[in-house]
Every structure is written in C-alpha cells, then in structure tokens.
A.B. asks: 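The structure's right below; bear with me while I get my questions together.
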Amino acid sequence: MYLTTVLGNLLIILAASSDPRLHTPMYFFLCNLSLVDICFTSTTVPKMLVNIQTQRKAISYEGCITQIFFYILFISLDDFLLTVMAYDRFVAICHPLHYTVIMNPRVCGLLVLGCWVLTFLNSCIQVSVSLHLSFCTKVEIPHFFCELNQMIKLACSDTFLDNLVVYCSTLLLGGGPLLGILYSYSKIVSSIHGVASAQGRYKAFSTCASHLSVVSLFYVTTLVVYLSSAVSETAYTSAVASVLYTVVTPMLNPFIYSLRNKDIKRALRTFFCAGNCKKANCPSLKTFLG
C-alpha cells in the first residue's frame, strides 16, 4: 500500500509536469497535493513497517516530536490544498471569462506558499507548546505513530494549555477550510443549476467530480477517526480507524484523479510512449504516437 501510494502520486506529478497541456492551475495544485500525500504517508508508514519487521516498537523522544511536527504539517497542508483546489474550481465555473486573470501563476504560487506558511506556523506552535510536558518513567503510546492527543493524555504535568491549543487549531485550521469548501461548492452548484443544457451541466460538474470525491474521502475518514475515538474507550479502535486517512486515503487519491480523467490518462500514455520510443530509437515520435 505504501509503494502504491508513492508510485501513484509520483505518476500524477510526472504526468502533469511532462505534458505542457496540463500546465494549468488545477494540475499545479494537484501536483502539490500528490507531493504532500507522499510526504504525509512517509511520516508514519516507514516507521510502522520497521516496527513490524523488527518487532521493536520504541521511538526516541526527539523522533516522536519530529513525527508529530511533520504529521500536523502535512495533514493540515492536505486540508488547505483541497480548499485552494475548491476555490480554483469555483473561479473556473462561476467566473470562466476571468479565470486566466484571477488564477495567474503568481496568484497560484502565493496560494500554495500561504498554505505552507500557515501550516508550518501551526505545527511550530503545537509542538512548541507540547515541549513543556513532563512524563512518568514509562510511556507507552497506544498508537502506531506519535499522535499529539495521545501524547497529551500520557503527560503527568498540566495539559490545559496543550488541549486549548489543539482545540483552537482544530477549530480554525480544520473548520475554516471546510467552510471555504462548502461555500465554494454552494456557489458552484448554484452556477451549474443555471446552465441551460444538460450537457453543459454535466461538463461543468465533471470537472469537480474528482476533487469532490477526494474531499469527501478526506473528511469522512477523519470524521470516522474522531467518532471512533469519542465513542470507543479503547485506543486500539482509534488506531485502526487512523489507518483510513494516514494510509488508505493517500493511496486512493491518485486512482480517483486518474481513472476518470482523460487528460491524466493521455499524459501518462504520452510519457510512457515517449520513453519506449527513445529506447527503440524511433525516427518519428509524432508517427509513433499517432
């Protein structure tokens, strides 16, 4: 599953980068999302695989803090990039004549940079607050990776400030992007509803189908994790549910964006055909591709 996740997202990046026709804001954001998904799953899964192989589940304090930092960074980045992609679809459908002006390369770059800056600051704040926590002699985290909530529960010192920071961060950086996505899609649905022809409505909606599927998968799996941890008192149930959005969701994203996306399929076909043609010393790439 880990190899599928890495290879699938790398193929998305290679396809979008190699085909000039895909050098658009939508695929620029998709490449960033694929890169973040690779980093996100690489934060937890390799360590888990080592633990399974060696049957040794220890991690240093520094390693645990580092894992928490990057875990918060990349899951927040996933959320923010999905919001930016929803805004991109909103502009493309609701303001098509001004799309190239509004979503110019400079704006796209600033949007992605803003996502990185905000999530980096959020990770720094949450980790720096947790550094003052003190623990008893034996600490066993009932999870397959270092999760901040589990770490706070195991602390022997006062955790009021830590819980406050976590709740505020979840509310602002989790609820804010969700509201942005809901607002964008409410405007998109309203705009699509005003299209006269059924074919036009289908074409407009099809450009959002993949993104909407990924958003639904991301929030549904996250909701399942938090509901399972709230309903069940056993940490094992929460750990199993966490596999959904730490392993399964990043793995499924490339499939969602490629299976029904003709542009990605064409770019991948061209990429592999060009590679085969070079090996075979084809005289004419245009003739080979038809």
Side-chain angles (χ1 to χ4, degrees), residues 12 24-34 36-37 40 74-119 122 167-227 244-245 249-250 252-264:
I12 294 289
T24 62
M26 181 174 73
Y27 291 104
F28 171 70
F29 296 134
L30 178 58
C31 285
N32 279 274
L33 182 67
S34 295
V36 170
D37 279 341
F40 176 51
F74 291 125
I75 194 172
S76 302
L77 260 175
D78 245 352
D79 200 10
F80 272 66
L81 285 173
L82 288 174
T83 308
V84 169
M85 293 172 77
Y87 174 70
D88 173 70
R89 292 299 85 205
F90 159 71
V91 176
I93 294 174
C94 299
H95 305 284
L97 298 179
H98 300 93
Y99 179 72
T100 55
V101 177
I102 297 174
M103 301 302 294
N104 60 70
R106 182 173 179 273
V107 170
C108 294
L110 287 175
L111 285 172
V112 172
L113 179 62
C115 292
W116 277 94
V117 171
L118 286 174
T119 53
N122 173 53
Y167 290 143
C168 290
S169 174
T170 303
L171 184 64
L172 294 175
L173 300 183
L178 179 59
L179 289 176
I181 292 172
L182 292 175
Y183 175 79
S184 295
Y185 273 102
S186 66
K187 292 294 184 181
I188 289 171
V189 170
S190 176
S191 181
I192 292 176
H193 185 70
V195 177
S197 65
Q199 185 178 1
R201 287 196 295 269
Y202 174 77
K203 185 178 180 181
F205 180 75
S206 63
T207 62
C208 305
S210 298
H211 176 259
L212 193 57
S213 301
V214 171
V215 168
S216 302
L217 185 64
F218 178 83
Y219 279 102
V220 167
T221 52
T222 305
L223 186 63
V224 167
V225 171
Y226 282 100
L227 285 178
L244 286 174
Y245 73 93
T249 301
L252 292 179
N253 286 354
F255 292 101
I256 293 172
Y257 271 104
S258 61
L259 289 178
R260 294 187 62 186
N261 192 312
K262 294 180 180 179
D263 294 332
I264 291 291

A.B. asks: Between atom CG of Leu33 and atom CZ of Phe80, what is the distance when rounded to the nearest 0.5 Å?
C.D. replies: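 Between atom CG of Leu33 and atom CZ of Phe80 there are 14.0 Å.
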A.B. asks: Run the side-chain contact (heavy atoms from CB on, under 4.5 Å) test on Leu82 and Phe218 for me, step by step, so that the C-alpha distance in whole Å, both residues' side-chain angles and the decisive distance to 0.1 Å come before the verdict.
C.D. replies: CA-CA 9 Å; Leu82 288 174; Phe218 178 83; 3.9 Å; yes
A.B. asks: Going from CE on Met85 to OG on Ser210, what distance comes out if it is rounded to the nearest 0.5 angstrom?
C.D. replies: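 OG of Ser210 is found 9.0 Å from CE of Met85.
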A.B. asks: Got a donor-acceptor contact below 3.5 angstrom from the Ser186 side chain to the Tyr183 backbone?
C.D. replies: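 Checked: pair present.
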A.B. asks: Report yes or no: does Thr221 contribute a side-chain atom to a donor-acceptor pair with the main-chain N or O of Leu217 at less than 3.5 Å?
C.D. replies: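 Side chain of Thr221 to backbone of Leu217, a donor-acceptor pair under 3.5 Å: yes, one is there.
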A.B. asks: Taking all atoms of both residues into account, what is the closest heavy-atom pair of Pro250 and Phe40, and its distance?
C.D. replies: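 Shortest heavy-atom separation between Pro250 and Phe40 comes out as CG-CD2, 3.9 Å.
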A.B. asks: Please find out if less than 6.0 Å separates the ring center of Phe29 from that of His211.
C.D. replies: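 Between His211 and Phe29, which both carry aromatic rings, the centre distance is not below 6.0 Å.
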A.B. asks: Identify which one of Asn32, Val84, Val36 satisfies the side chain to side chain contact (heavy atoms under 4.5 Å, CB included) criterion when paired with Cys115.
C.D. replies: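 The option that passes is Val84.
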A.B. asks: List the residues meeting ring pair (Phe, Tyr, Trp, His ring centres under 6.0 Å) with Tyr27, not counting sequence neighbours, and say none if there are none.
C.D. replies: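 Counting only residues at least two positions away or on another chain, Tyr27 forms no ring pair (Phe, Tyr, Trp, His ring centres under 6.0 Å).
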A.B. asks: So which heavy atom on Ala86 is nearest to which on Ser184, and how close?
C.D. replies: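 For Ala86 versus Ser184, the nearest heavy atoms are O-CB, 3.8 Å.
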A.B. asks: Between CG of Asp37 and CG of Asn253, what distance do you get to the nearest 0.5 Å?
C.D. replies: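 Interatomic distance, Asp37 CG to Asn253 CG, rounded to 0.5 Å: 5.0 Å.
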A.B. asks: Look up atom OG in Ser34 and atom CG in Leu81, then write down how far apart they are to the nearest 0.5 Å.
C.D. replies: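 Interatomic distance, Ser34 OG to Leu81 CG, rounded to 0.5 Å: 10.0 Å.
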A.B. asks: For the side chain of Asn104 and the backbone of Val101, is there at least one donor-acceptor N/O pair under 3.5 Å apart?
C.D. replies: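 Side chain of Asn104 to backbone of Val101: a pair is present.
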A.B. asks: What side chain to side chain donor-acceptor pair (under 3.5 Å) pairs are there with at least one residue in residues 78-89, not counting sequence neighbours?
C.D. replies: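 Sorted pair list: Asp79-Tyr219, Asp88-Tyr99.
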A.B. asks: Under 3.5 Å, which donor-acceptor pairs do the side chains of residues 169-181 form with other protein atoms, sequence neighbours left out?
C.D. replies:
residue : atom : partner : partner atom : Å
Ser169  : OG   : Asn122  : OD1          : 2.7
Ser169  : OG   : Gln126  : NE2          : 2.8
Thr170  : OG1  : Val166  : O            : 2.8

A.B. asks: Atom OH in Tyr185, atom SG in Cys208: separation rounded to 0.5 Å?
C.D. replies: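 Interatomic distance, Tyr185 OH to Cys208 SG, rounded to 0.5 Å: 4.5 Å.
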A.B. asks: Can you tell me how far SG of Cys94 sits from CD1 of Ile192, rounded to the nearest 0.5 angstrom?
C.D. replies: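 One gets 8.0 Å once the value is rounded to the nearest 0.5 Å.
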